[in-house]
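Worksheet for the structure shown next.
Keep in mind that what you see is a predicted model, and the values were worked out from it rather than measured. A note on names: the letters A, B, ... follow the listed sequences, proteins ahead of strands, and every chain is numbered from 1.
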Amino acid sequence: MAQMNMLEAILSAQKTMLARDDKVVILGQDIGYFGGVFRATEGLQAEFGSNRVFDTPISENGIVAAAIGMSLNGLRPIAEIQFADYIYPAFDQIASEAAKLRYRSGGEYSTNLTIRTPCGGGIRGGQTHSQSPEGIFTHVTGIHVIMPSNPYDAKGLLISAIQSNDPVIFFEPKRLYNGPFYGEPDKPSVGWDSHEKGEVPEGHYTIPFGKAAITRAGEDLTIITYGTMVHVVETAVKMAGVDAEIIDLRSLAPIDNDTIINSVNKTGRCLVAHEATKTGGFGAEILSIIQENCFWKLRAPIERVTGWDIPYPHAFEWEYFPGPKRITNAINRIMEA
Amino acid sequence: MAQMNMLEAILSAQKTMLARDDKVVILGQDIGYFGGVFRATEGLQAEFGSNRVFDTPISENGIVAAAIGMSLNGLRPIAEIQFADYIYPAFDQIASEAAKLRYRSGGEYSTNLTIRTPCGGGIRGGQTHSQSPEGIFTHVTGIHVIMPSNPYDAKGLLISAIQSNDPVIFFEPKRLYNGPFYGEPDKPSVGWDSHEKGEVPEGHYTIPFGKAAITRAGEDLTIITYGTMVHVVETAVKMAGVDAEIIDLRSLAPIDNDTIINSVNKTGRCLVAHEATKTGGFGAEILSIIQENCFWKLRAPIERVTGWDIPYPHAFEWEYFPGPKRITNAINRIMEA
Amino acid sequence: MAKKQNQSNIVNSLNKLHVPQPTARPDEFNDFSNLNIPNVEQAECPAIDTNPHEMRGLAYGLIRVLDDDGNAAGNWNSTIEPHVLVKGLKDMLVTRMFDERMQMMHRVGKISFYMKSTGEEAISVAHAAAINFADMVFPSYRNQGILIARGYSLVDMMCQCLSNARDNCKGRQLPIMYSWKKGNFFSISGNLATQFSQAVGWAMAEAQQGGGRVASAFVGEGSTAELDFHSALTFATAFSPPVILNITNNQWAISSNQVVAGGEKTTFAARGIGFGLPSLRVDGNDFLAVYAATKWAAARARAGLGATVIEYFTYRVAPHSSSDDPSAYRPKNEPDFWPLGDPIDRLKTHLINLNQWSETQHETLIEDIKTEMKQNYKQAESYGTLKSGDRPDVTTMFEDVYEDMPLNLLRQRQEMGL
Amino acid sequence: MAKKQNQSNIVNSLNKLHVPQPTARPDEFNDFSNLNIPNVEQAECPAIDTNPHEMRGLAYGLIRVLDDDGNAAGNWNSTIEPHVLVKGLKDMLVTRMFDERMQMMHRVGKISFYMKSTGEEAISVAHAAAINFADMVFPSYRNQGILIARGYSLVDMMCQCLSNARDNCKGRQLPIMYSWKKGNFFSISGNLATQFSQAVGWAMAEAQQGGGRVASAFVGEGSTAELDFHSALTFATAFSPPVILNITNNQWAISSNQVVAGGEKTTFAARGIGFGLPSLRVDGNDFLAVYAATKWAAARARAGLGATVIEYFTYRVAPHSSSDDPSAYRPKNEPDFWPLGDPIDRLKTHLINLNQWSETQHETLIEDIKTEMKQNYKQAESYGTLKSGDRPDVTTMFEDVYEDMPLNLLRQRQEMGL
Ligand SMILES: Cc1ncc(C[n+]2csc(CCOP(=O)(O)OP(=O)(O)O)c2C)c(N)n1
Ligand SMILES: Cc1ncc(C[n+]2csc(CCOP(=O)(O)OP(=O)(O)O)c2C)c(N)n1
Ligand SMILES: [Mg+2]
Ligand SMILES: [Mg+2]
């Protein structure tokens, strides 16, 4: 085991797979010689050559399309989209092509493409460097949607993504690259060495899709979340002094219904939290699953704490962000109901 | 008043606005001389000239981008996307530009663009001529999302869309163009002259966004739906013999929370139906709103009856389609719960 | 500034948007006399390793081999074995008659949709003849001739159109949206042009792995406006992969004339010049020209010289699809005036000139194909039609969304009682 | 076939993908001796109504007016009033010094982000000088020179960068993402190239309404790979609207050299040739050349002749942004060797040659700008900085999502207790 931050874990996953499977290739903007604007591919071109790791023109559509084509010819491409906010030009290739290819061809063709992309706010990136568009992709059947919350999971899940024979969108909460973020921007930041999930095996291991993690067991209420919000929720739970069960979904599609349902059936209370905007977000799906499956056990309305329904504003980053206080308020409301 | 089918009503709305406001222009593939593959712009180029109504290259991105640009120069464009399944290449211009322009520029710039696009199945169109992607757009804040279920609403809502100073996506359930569809493909189809909403004023009128219609008042349960499913639900309600209150949302964003909440608070039971796939669809948002607001009045789990989580299959159109039988089953489950 | 004088080419009157217009509308007349058709001697044939900048002229001329009398000549003429030509003629005929049969089947309600390639058969068939079977084709929906030239079973094609129990797309796709993996023929997408950029990726992987095969992708001229066309050319120029980027300019995109797609000011082949790619403009109704241009492009690709753009200049004689009636937007007799003739007639005359074919052989062949087509259809229909209920098993509806069926789909299948 | 012989231009070795590489990496040396810089006499200047096909050469040459000694010559030389040049010099200096000031403010933590345009000032400033104030600019993020040339208040620019109470973008955008409606300067988007296709739409509306104004849009060479570039050129060729489509080729796109964007096989100006559009390649560090090319393109547009594509050949002396350190991917001294010099130095020399300027005047001007800049910054800071808390009112966070605030936002604002 080694100490890794989340970037190192993501780098390690890619390096492990490049070494293990010569069909693995990486493409994206600035990911070659330079090693990526977040350094998630640092050193990989030097080690594996530009035949395996290379820069592309600035065309998200072209990147995804080329990666699909490469996968059709036996390769196993990892495509980096520099910011999740810039994934939209590739939307058609993802939703109409990658997601539907296996189906439309009666199983003859399919793509194993993995798309890695940094998402979420907290770096003063303004509205085009902060978005969390996962809720747009969870409505597209035929792709897997993953978002890890820590280095250990990031590496294991990314290796699973690369090995998967289905297309995967792997969202990386950039606020977590260097350390867990507990939702308090004014507090000094801490590194992953302070967190048990910063211990990451050097070699190959996988974490299966569709399995949520219970990051805190509890009896009072269930909080379902993923990505950065896992740590923010932790803070809020401490502040509220409740015995919450915190579920880190990790995999949004496929989603781990059983873990969710068992927990809410036990606690009877539930809160859903994500950084993305509320209306039509993935929180609505989580809430619906619970409502449909745990109706008779629910003792209070499920609440959603999310980003407001506005673009992520540069100067009001922390007013937009669903921080510990808003979560605590919601916890209190739910516990009092 | 005149008898109009839904296509005629949509044509009439556009004609009314072209005549009333010389800033209104229409652009899209095959919409000029030919009048559109569904004939929704028939005769408009002949009447208003190719300076007002014209064909574009086959680029959905270019159409939306050009329309945004035209609106910035004082025009009021209506852009047709030939099928909703082909809107994805324009996704970036819609989600990153049209939706966020007013916000990012501090209110200096905005776009009044209206996008019209036929959606939904029922014409044996296969997976790329049948989709209902509204749930992808309802998660994008900054745009209005509209879907009418009848000629009268279609005209009034489309005129509102054209007059709106915000971007609007106007989904037209193509299965309803020629007549209401009651969910029974084997029965002879009927025209809009058999339906009171086939009576449409010739001139200018508007229906405000954010106001749902109660198409059937009832006490037993609330059924919330929109588009084609409004009529399918009607059939199912007759089959089930329940006194259901049917709500036709018409406007998904903004959504009419009050009508929904009042109804469910009254009935205590609720079903949500749409043709789009289930996971992450707009039904999840509707369900969440109800759960959050009507929790204490709910007497049974809310159910969603939707298309399955698969691409729309050509040969299994009616197996995919959430027809009256599936709805009736759900109604029975809800009433028995 | 502005030293040299020139005639005006002002296109915009003030106060009015320039909206491109076709030469003629239904009540007008078009004999294509506005087209400048160069003779077969005009186009040079550069060595494949010529610098693309030295062959820009090819994007503005027209590569032709068969002259008006059906004789082969010019710089692009080369010896083609007669059996290749005879096979080509046969494949074109089969393609045309297959189209006719299926169009009829649509008319009588056996299939839900159809798209013919009438008049454009040489493009698919000669192209297929000039590349290797192992080369990977990323087709548009009007390349049925490639399947036929590659020997795909007509029965299988018909079964796909019938969405019956033997449809290898399992009833999921519209008719004609074929997929034939064993034939190195990619699954046709309903979303225009998406295959163009994917083909470039496939070819990049081929270069990366040193396989020596070529990718060949097709779009219509209307579809060149789509985004994936740009991605394809951008990646093709950056990475020089072995790919042929084919544009079938059949003058129409549903009701929109090629001028709407941007064909008014230059050729579609010229798009490739914008990226420094060798770009050929070819008489698409000339089997020998299509064959020669394809061979040249494939040789470039195999030599590691990268991508070639080819525009095939042709005419869509057929309606856009079974849902279309072209008399609503173009002169009814416009197809009759197409100055580049019929590809089948032209190759037939050539073969007769070569003493490799005769009118009798031709008539016999047509009769044979007719019989075969009937038998094939009979067999295909025995596996069912969409209406007969002999569809693929309905439980398959939930398969192939993912490699393994996730829980939500398992549950939905159960909910359906399957 | 394949008659003519030629030297090999084989780019792919087998078994390896061709991946374009810059001339030099950090530990290597690049003096740009690979570049072929034509002299000022080379480029012809056609009449604006010349058929675009007759001026294709302009996309491959380089339009220059100022020679190495700072004298104006060549076909593109024309009389420009000295006060226009002096204003240009001043605006370029202000632009450069504004950049330096703001970069410093970033370094000391007053602003969260910055992007300089060092070395590229002539492009924005001369372009702005050559079009009318009423012409609508669709800028990229490196066109601050246009704002300055149009007389936008430096204080307002600084306030935007500071996200303070006077920021007209209300704190919603990253620094430098300006919007100035009164100055006919479009809101800058973080999404590359989206403005390019919008500008074409704006110009279509202008043609439609007969307003006589021109749209002018900018992208970087890296951004030409984006989809909106293709939409822009496609619609520009189809509808011939009055638009200038400017490409700033500053050799780099973050860490990616222009070869990655497809600059290896041809010029970026050539992209326009693919669409039959007049396409100019211009020395971007030559104020007079940028001015002349812009005037020419604007005259074409105003005469109803449609769109022009212009590539400005320049060099990004600055890092990509305040988050970037170019020494990680290019030789540290590469900027020093850029063969087209510094745009400010070149115009200054020219003005001195014309006896319209002197070293003393230059130094005084610099001092004046320095003082002004300080004062402006002081004033801007008095309205607050992002950190000082003098931000726009937080309730505005929920405004301008729609024209009228919908219920969900009203309720969310209430929930926040505002
Ligand atoms: C993305 C997308 N937009 C629109 C359509 C609808 N459509 C189908 S075929 C067609 C015309 C294509 O014309 P062209 O590319 O010239 O090909 P041709 O039909 O002439 O072979 C259109 C607009 C589509 N299938 N996909
Ligand atoms: C759609 C999109 N993709 C990626 C980015 C990230 N990005 C910002 S600037 C840039 C480089 C652009 O280079 P170029 O167009 O040459 O402009 P320059 O910075 O040289 O002025 C990239 C990749 C973005 N902003 N938008
Ligand atoms: Mg065509
Ligand atoms: Mg650049």
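- Heavy atoms from other residues, nucleotides or ligands lying under 6.0 Å from NZ of B/Lys297 number 12 at most.
- Contacts of A/Ile255 with chain B are absent, with no heavy-atom separation under 4.5 Å from either backbone or side chain.
- Note that CG of B/Leu298 and CG of A/Leu298 are 10.0 Å apart. Values are rounded to the nearest 0.5 Å.
- Using a 4.5 Å heavy-atom cutoff, the side chains of A/Thr277 and B/His139 are in contact.
- Between A/Arg304 and B/Ser288 there is a side-chain heavy-atom pair separated by less than 4.5 Å.
- Residue with the most contacts toward chain B among A/Thr279, A/Ile87, A/Asp85, A/Thr138: A/Thr279 (heavy-atom pairs, distance under 4.5 Å).
- Both the backbone and the side chain of A/Gln291 come within less than 4.5 Å of a heavy atom in chain B.
- Rounding to the nearest 0.5 angstrom, the gap separating the CD atom in B/Glu285 from the NZ atom in A/Lys278 is 7.5 Å.
- Of the atoms belonging to B/Arg299, it is backbone heavy atoms, and not side-chain ones, that fall under 4.5 Å from chain A.
- The side-chain heavy atoms of B/Asn61 and A/Asp92, taken from C-beta on, include no pair separated by under 4.5 Å.
- For B/Ile94, no part lies near chain A; criterion is any non-hydrogen pair under 4.5 Å.
- Per-residue counts of heavy-atom pairs under 4.5 Å with chain B were compared for A/Ala90, A/Gly281, A/Ala300; the largest is that of A/Ala300.
- In this structure, chain B has no heavy atom under 4.5 Å from any part of A/Ile290.
- Neither the backbone nor the side chain of B/Val272 has a heavy atom closer than 4.5 Å to any heavy atom of chain A.
- The side-chain heavy atoms of A/Pro311 and B/Thr141, taken from C-beta on, include a pair separated by under 4.5 Å.
- Side-chain contact between A/Glu292 and B/Pro301 is absent, with no heavy atoms from C-beta onward closer than 4.5 Å.
- Within the 4.5 Å cutoff, side-chain heavy atoms of B/Tyr103 are placed close to those of A/Pro313.
- In this structure, the portion of A/Phe295 lying under 4.5 Å from any heavy atom of chain B is its side chain and not its backbone.
- The shortest heavy-atom contact between A/Ser96 and B/Tyr88 is OG-CD1, 3.2 Å.
- Of the atoms belonging to B/Ala337, heavy atoms from both backbone and side chain fall under 4.5 Å from chain A.
- For B/Gln131, the part sitting under 4.5 Å from any heavy atom of chain A is the side chain, from C-beta outward, and nothing else.
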